[in-house]
Amino acid sequence: MIDLKLLRASPGQVRAALARRGDPALTRLLDEIEALDMKRRTLTAQLDTLKAERNDAAKADALAAKSQGGLPAAIVAERKKLGDRITALESELRQIETTLEAKALFVPNSPLSDVPDEVTVLRSWGTPAPKGGKPHWEIAEKLGILDLPAGAKLAGSGFPVLKGQGARLARALINFMLDLHTREHGYTEVEPPFLVRREVMIGTGQLPKFEADVYRTTDDLFLIPTAEVPVTNLHRDEILDGTTLPVGYAAYTPCFRREAGAAGKDTRGLLRVHQFDKVELVRFCRASDSPAEHEKLTGHAEAVLRRLELPYRVAVLAVNDFGFAAAKTYDLEAWAPGVGQWLEVSSSSTFTDFQARRANIRCRSRPGEKPEFVHTLNASGVALPRTIAALLETNQQPDGSVVIPPALVPYVGTDRIA
RNA sequence: GGACAGGUGGGUGAGCGGUUGAAACCGCCGGUCUCGAAAACCGGUAUGCCCGCAAGGGUAUCGAGGGUUCGAAUCCCUCCCUGUCCGCCA
């Protein structure tokens with residue numbers, strides 16, 4: 001949520017930062033917001049004066065009513081007039097505030113100043129295998145661990161079915177990742193609801209703008225597109241004790257996304273699906289700590305790929321290329337030699353106070369101090385389908401079998417899927 | 001799903017339609033006392049918005065949103081949530 005006070009205090013600065021996102025419609029939106037904010041303040045001032053008048057009168061009337069057993073009709077009429085005026089102005093104000101909020105919810109987060117104009121690869125790890133070999137869907141189909149037609153029969157395209165060692169592999173990855181993050185990175189494991197209320201989706205920024213991308217149930221609950229949604233909102237409307245920050249949560253959930261993608265190369269196999277599993281990392285910290293926290297968080301996601309011995313690279317996304325709510329995003333891309341692509345298996349973002357404002361998550365550094373908004377961050381740690389794709393393609397053998405990386409062997413229960 | 005009972009500040013818990021942001025207790029912070037601590041005592045302890053450089057002032061908030069009224073924590077309506085019993089069920 002945009003900071004209206006900041007917009008008021010330094011409109012030039014706010015506009016310049018948002019302009020980098022390259023959306024020309026934003027300027028007009030900000031104009032409207034500024035005008036509404038102005039109206040709101042004028043009206044609020046008027047109303048407060050009238051209400052002060054009413055409160056003073058009510059106190060006097062209370063005494064009079066008690067001693068005289070009632071109020072003169074003239075007084076009652078006068079008070080009623082004042083009351084009616086207040087009611088009228090209040091409904092006007094309410095309408096302005098509703099409109100203002102509706103518009104404000106469509107303003108994206110301001111990118112941090114160190115976000116580049118072009119996507120930039122920052123570092124890479126491991127030695128990518130030469131492009132070649134089979135794509136993961138061919139490997140998996142041959143091994144009988146992936147059944148795309150079965151998924152299509154049940155729910156349509158984009159709903160893969162994992163079978164046998166494939167299902168086992170998915171479960172192994174989930175357990176491996178959760179163990180890593182909870183035991184070595186200090187995260188608290190959470191299993192949240194997979195359906196959430198509308199306001200929860202608004203809190204993290206999926207709504208109101210991206211309603212078309214998410215699934216909604218008939219009783220107005222939404223299937224989570226990521227665990228970020230329920231886990232970040234865990235602390236909505238709270239004032240956290242600043243001395244306990246930062247805190248981190250790790251959550252496994254399925255994720256549901258409609259995002260209608262055209263059929264074709266990118267939608268083949270496991271690369272883009274409507275339902276997938278993911279272990280998500282969410283962190284809450286004080287504002288001053290968030291840049292360092294973002295690096296730490298990204299490192300936690302990287303650790304997964306290193307343990308799995310999957311070559312990857314880290315890129316900082318360009319200013320016009322990352323999500324609505326994010327202020328800065330790193331993508332982790334694992335190399336998949338079969339399809340010959342770097343696959344985005346994790347996105348690591350800092351949201352500064354954008355989500356905290358929407359979800360009203362604050363902290364107090366010391367008792368008695370004014371509460372301030374926390375900063376929220378999250379990263380996939382990591383998403384399963386593309387990781388499985390990279391894993392299968394990287395470790396495929398000439399005989400069609402797939403070698404399991406040592407870190408995963410105890411979880412899969414075998415060192416090779418054949 | 002059906003029937004009741006409830007939702008008050010960090011917690012417990014009072015509150016007749018009228019100077020109630022709200023008693024009391026607990027907790028927390030500061031102070032006195034002490035070599036230090038405990039105990040005791042004293043004081044302070046919500047958040048948003050608006051005005052103001054500040055000091056401060058105004059206003060709103062008793063689950064949420066509407067309504068009645070000169071005036072609502074208190075009355076009415078809708079919704080949300082919690083508890084208990086019944087039904088159903090992994």
Side-chain angles (χ1 to χ4, degrees), chain A residues 1-10 33-105 191-203 207 216-222 230 233-245 247 254 353 356-374:
Chain A
M1 176 81 93
I2 185 171
D3 181 353
L4 290 178
K5 281 184 191 164
L6 186 64
L7 178 63
R8 208 180 300 149
S10 20
I33 287 170
E34 278 182 321
L36 284 166
D37 182 46
M38 177 94 86
K39 260 195 198 163
R40 180 180 64 91
R41 279 184 299 146
T42 309
L43 242 126
T44 302
Q46 272 180 39
L47 257 172
D48 282 359
T49 308
L50 291 177
K51 283 176 176 173
E53 211 177 293
R54 179 177 66 181
N55 287 343
D56 288 343
K59 284 176 189 172
D61 289 350
L63 288 178
K66 202 176 265 177
S67 62
Q68 296 160 28
L71 286 173
I75 294 284
V76 169
E78 199 180 312
R79 302 294 187 247
K80 188 166 174 54
K81 217 167 118 190
L82 178 60
D84 288 347
R85 179 121 182 266
I86 288 173
T87 307
L89 284 179
E90 270 180 337
S91 82
E92 195 183 331
L93 176 63
R94 200 156 46 227
Q95 200 198 325
I96 286 171
E97 284 182 330
T98 304
T99 314
L100 177 59
E101 194 190 320
K103 289 187 186 296
L105 286 175
E191 182 174 307
F194 302 157
L195 274 72
V196 295
R197 297 174 196 283
R198 170 168 235 110
E199 59 262 33
V200 171
M201 295 283 277
I202 290 173
L207 294 182
R216 183 162 58 136
T217 68
T218 50
D219 42 6
D220 217 23
L221 290 172
F222 295 84
N233 279 281
L234 224 42
H235 290 305
R236 88 186 338 263
D237 293 322
E238 288 182 16
I239 299 176
L240 303 170
D241 176 356
T243 62
T244 65
L245 297 178
V247 291
D353 62 1
R357 280 178 194 285
R358 288 178 163 239
N360 191 28
I361 309 168
R362 293 173 290 175
C363 73
R364 199 188 324 258
S365 300
R366 253 182 282 275
E369 273 189 17
K370 241 181 104 88
E372 53 182 275
F373 288 110
V374 300

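All values below come from the heavy atoms of this structure, side chains included, with hydrogens, waters and symmetry mates left out. Since the model is a prediction, treat every value here as computed from it, not as a measurement.
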Taking only distance into account, with no hydrogens and no angle test, what donor-acceptor pairs under 3.5 Å do side-chain atoms of residues 81-92 of chain A form with protein atoms, sequence neighbours excluded?
| unit_1 | atom_1 | unit_2 | atom_2 | d |
| --- | --- | --- | --- | --- |
| Thr87(A) | OG1 | Gly83(A) | O | 2.8 |
| Glu90(A) | OE2 | Lys51(A) | NZ | 3.2 |
| Ser91(A) | OG | Ala88(A) | O | 3.1 |

In whole Å, what separates the [atom1] atom of [N] from that of [M]?
| N | M | atom1 | result |
| --- | --- | --- | --- |
| rG13(B) | rA73(B) | C1' | 14 Å |
| rC42(B) | rC26(B) | P | 11 Å |
| rC4(B) | rG9(B) | P | 27 Å |
| rG31(B) | rU84(B) | C1' | 48 Å |
| rG2(B) | rG58(B) | P | 49 Å |
| rU78(B) | rG56(B) | P | 46 Å |
| rA46(B) | rC29(B) | P | 15 Å |
| rG15(B) | rG21(B) | C1' | 13 Å |

Can you identify which nucleotide, out of [options], has its nearest atom closest to the [X] side chain?
| X | options | answer |
| --- | --- | --- |
| Ala52(A) | rG58(B), rC50(B), rU47(B) | rG58(B) |
| Arg362(A) | rC70(B), rC51(B), rG48(B) | rG48(B) |
| Arg197(A) | rU47(B), rC81(B), rC49(B) | rC81(B) |
| Ala58(A) | rG71(B), rG48(B), rC51(B) | rG71(B) |
| Lys370(A) | rA60(B), rG48(B), rG58(B) | rG48(B) |

Under the rule for side chain to side chain contact (heavy atoms under 4.5 Å, CB included), what residues qualify as partners of [X], not counting sequence neighbours?
| X | answer |
| --- | --- |
| Arg364(A) | Ile239(A), Glu369(A), Pro371(A) |
| Ser10(A) | Leu6(A), Gln13(A) |
| Thr42(A) | Gln46(A) |

Distance in angstrom units between [X] [atom1] and [N] [atom2], rounded:
| X | N | atom1 | atom2 | value |
| --- | --- | --- | --- | --- |
| Leu6(A) | rC49(B) | CG | P | 14 Å |
| Leu4(A) | rG48(B) | CG | C1' | 13 Å |
| Arg364(A) | rC28(B) | CZ | C1' | 11 Å |
| Glu199(A) | rC81(B) | CD | C1' | 12 Å |
| Asp237(A) | rG10(B) | CG | P | 12 Å |
| Arg41(A) | rG48(B) | CZ | P | 18 Å |
| Leu47(A) | rC51(B) | CG | C1' | 15 Å |
| Lys5(A) | rC51(B) | NZ | P | 9 Å |

Scan for side chain to side chain donor-acceptor pair (under 3.5 Å) pairs involving residues 233-245 of chain A, sequence neighbours excluded, and state none if there are none.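 Passing the test, one end in residues 233-245 of chain A: Asn233(A)-Arg236(A), His235(A)-Glu238(A), His235(A)-Tyr249(A), Asp237(A)-Asn360(A), Asp241(A)-Thr243(A).
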
To the nearest 0.5 Å, how far apart are [atom1] in [X] and [atom2] in [Y]?
| X | Y | atom1 | atom2 | answer |
| --- | --- | --- | --- | --- |
| Leu105(A) | Leu100(A) | CG | CG | 9.5 Å |
| Lys103(A) | Ile2(A) | NZ | CD1 | 13.0 Å |
| Ile361(A) | Phe373(A) | CD1 | CZ | 9.5 Å |

Of the residues in residues 81-104 of chain A, which ones touch RNA chain B at a heavy-atom distance under 4.0 Å?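 Listed by number, they are Arg94(A).
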
Applying salt bridge (Lys or Arg N to Asp or Glu O under 4.0 Å), which residue pairs with at least one partner in residues 33-48 of chain A are found, sequence neighbours left out?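 Applying salt bridge (Lys or Arg N to Asp or Glu O under 4.0 Å) to every pair that reaches into residues 33-48 of chain A, excluding sequence neighbours, yields Arg8(A)-Asp37(A), Arg15(A)-Glu34(A), Asp37(A)-Arg40(A), Asp37(A)-Arg41(A).
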
Search all heavy atoms of Gly203(A) against all heavy atoms of Arg358(A) and return the closest pair with its distance.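 Nearest pair, atom of Gly203(A) first, then Arg358(A): O-CB, 3.3 Å.
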
Indicate whether OP1 or OP2 belonging to [N] is found under 4.0 Å from a side-chain N or O atom of [X].
| X | N | result |
| --- | --- | --- |
| Asn55(A) | rG71(B) | no |
| Arg40(A) | rC49(B) | no |
| Lys80(A) | rC70(B) | yes |
| Asn360(A) | rG48(B) | no |

Please write out each protein N/O paired with an N/O of nucleotides 19-23 of chain B under 3.5 Å, distance rounded to 0.1 Å.
none

Close side-chain approach of Arg362(A) to Leu240(A), heavy-atom, < 4.5 Å: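 SC-SC contact between Arg362(A) and Leu240(A) ruled out.
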
Can you give me the N/O atom pairs linking the protein to nucleotides 75-77 of chain B at distances under 3.5 Å, or say none if there are none?
none

Can you give me the N/O atom pairs linking the protein to nucleotides 72-74 of chain B at distances under 3.5 Å, or say none if there are none?
none

Return whichever of Asp37(A) or Ile239(A) has its heavy-atom-nearest nucleotide of RNA chain B closer to the 5' end.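 It is Ile239(A), whose closest nucleotide lies nearer the 5' terminus.
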
Under the salt bridge (charged side-chain N to carboxylate O under 4.0 Å, His left out) test, residues paired with Arg357(A) that sit two or more places apart: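 Arg357(A): salt bridge (charged side-chain N to carboxylate O under 4.0 Å, His left out) contacts with Asp3(A), Asp353(A).
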
Stem regions touching RNA chain B, defined by at least 3 consecutive Watson-Crick or wobble G-U pairs below 3.5 angstrom: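 Looking at RNA chain B, the stems formed by three or more consecutive pairs are B:1-7 with B:80-86, B:10-12 with B:24-26, B:27-32 with B:40-45, B:46-51 with B:56-61, B:63-67 with B:75-79.
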
